[in-house]
Amino acid sequence: MAVPEGHTIHRLSRDLYRTFGGSPVQATSPQGRFSEGAAFVDGRPLTRSTARGKHLFLEFDETLLHIHLGLIGKFRPRPFDVPAGESVRLNLANGGEDWQLTGPQTCAVINRAEEAAITDKLGPDPLARGAKADRFVEQLARKSAPIAAVLLDQAVIAGIGNVYRAEFLFLLGIDPHTPAKQLPTDQAVTLWNLASDLLRVGVKLNRIVTVSRQDAGMALSRVANDDRLYVYKREDQPCRHCDAPISIGKVGGRSVWWCHVCQPA
DNA sequence: GCAAAATGTCAAG
DNA sequence: TTGACCTTTTGCA
């Protein structure tokens, strides 16, 4: 359910710093697959936590933990009544709260140079402070691949995943198969701004909600999970704007959903 | 009880 | 383009 796109990682970065920032952290690997790395940072204070796209960096002075949750990874507080299980790759504790990392695609000790190598490959992150549309717009103009495929390319825009891509394209009335370079510049800018706005909503609510306040008919924080999106995984349900059935197809090797009426070819 | 799927990414064919 | 990886949750016998 709560599998991560960029909003998840930024929220996690914030929550982890609020919990552990500034004080020594006890790090262990109950699963055993990260024992060395955990021992390396154990007892050191967490000095900073940053998110870039879907990558999380926990800084212990010049030593960093690089974490990428991948498709199924989770990093969450341990329920107070449940002991650390065998699947916990990394457990962080401060004597009060425990946070547990399971199923990550990446969990590794790295240095600054390695961090730079990772972030250099990423496109602009709409959640970064002061991020601008320029580089994103330039890249779109050069890509003939379908816009839905380009939106998943982390070198073009960092942090977008399969839910957001489908929802953005619905909100802008763009068919997912449209070649990226065919988007007018002003529409590309609008797409960037929409990403920026909706990812921020995602960070705040800690889940993806793309419906408008108007369509929801209530505060976004109270919208039911079944009602928070327009098209993602809603095939054969009526479009919330025009009642046409939602279509499903594959673009860039992943399923994509759209309304053929609201998003004409 | 087991298979399948899941919001991701990379490497091999 | 496909398979592999990692784990949890869901749905079907």
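Just so we're on the same page: letters track the sequence lines, and every chain starts at 1. Any value given below was found using the heavy atoms of this structure, including those in side chains, with hydrogens, waters and symmetry copies removed.
- Using atom P as the reference point in both dT8(C) and dC10(B), the two lie 23 Å apart (nearest Å).
- Here the C1' atom of nucleotide dT7(B) and the CZ atom of R228(A) are 9 Å apart, to the nearest Å.
- Judged purely by distance below 3.5 Å, without hydrogens or angles, the side chains of Q263(A) and D175(A) never pair a donor atom with an acceptor atom.
- More than 12 heavy-atom neighbours from other residues, nucleotides or ligands sit within 6.0 angstrom of CZ on R112(A).
- Going from atom CG of L101(A) over to atom P of dT7(C) covers 10 Å, rounded to whole Å.
- When the P atom is compared between dC5(C) and dG13(B), the two are found 13 Å apart, to the nearest whole Å.
- One interatomic measurement links the two molecules: CD1 of I67(A) to P of dT9(B), which rounds to 16 Å at whole-angstrom precision.
- The ring pair (Phe, Tyr, Trp, His ring centres under 6.0 Å) test applied to F57(A) returns H66(A), not counting sequence neighbours.
- Among the heavy atoms of the strands lying under 4.0 Å from I208(A) is at least one base atom, whether or not backbone atoms are also near.
- For Y164(A) and dT7(B), the shortest distance from a side-chain N or O to OP1 or OP2 is not below 4.0 Å.
- Distance I72(A) CD1 to dT10(C) P: 15 Å, rounded to the nearest Å.
- Atoms CH2 and CZ, on W99(A) and R78(A) in that order, are 13.0 Å from each other to the nearest 0.5 Å.
- Residue H68(A) places at least one side-chain N or O closer than 4.0 Å to OP1 or OP2 of dT9(B).
- If you take atom P in dC6(C) and the same atom in dG1(B), they sit 24 Å apart, rounded to whole Å.
- The nearest whole Å value for the distance from the CG atom in N225(A) to the P atom in dT7(B) is 15 Å.
- Of the side-chain N and O atoms in Q154(A), one or more sit less than 4.0 angstrom from OP1 or OP2 of dT9(B).
- One finds a side-chain N or O of R33(A) lying less than 4.0 angstrom from the OP1 or OP2 phosphate oxygen of dC6(C).
- Listed pair R89(A) / dC6(C) fails the phosphate criterion, with no side-chain N or O lying under 4.0 Å from OP1 or OP2.
- Side-chain nitrogen and oxygen atoms of R165(A) include none within less than 4.0 Å of the OP1 or OP2 phosphate oxygen of dT7(B).
- Summarising the geometry, the separation between CG on L71(A) and P on dT8(C) is reported as 13 Å, rounded to the nearest angstrom.
- Put simply, CG on L56(A) is 15 Å from C1' on dG8(B), counting in whole angstrom units.
- Regarding contacts with the backbone of dT7(C), every side-chain N or O of K74(A) stays at 4.0 angstrom or more from both OP1 and OP2.
- Between S87(A) and the phosphate of dT8(C), there is a side-chain N or O to OP1/OP2 separation shorter than 4.0 Å.
- Contacts classified as ring pair (Phe, Tyr, Trp, His ring centres under 6.0 Å) and involving residues 188-230 of chain A (residues at least two apart or in different chains) are given here: F136(A)-W192(A), F170(A)-Y230(A), Y230(A)-H241(A).
- I248(A) places its CD1 atom 12 Å from the P atom of dA5(B), with the value rounded to the nearest Å.
- K181(A) contributes atom NZ, which lies 10.5 Å from atom CZ of R142(A) (distance to the nearest 0.5 angstrom).
- Proximity of Q31(A) to the phosphate of dT7(C): a side-chain N or O atom is located under 4.0 Å from OP1 or OP2.
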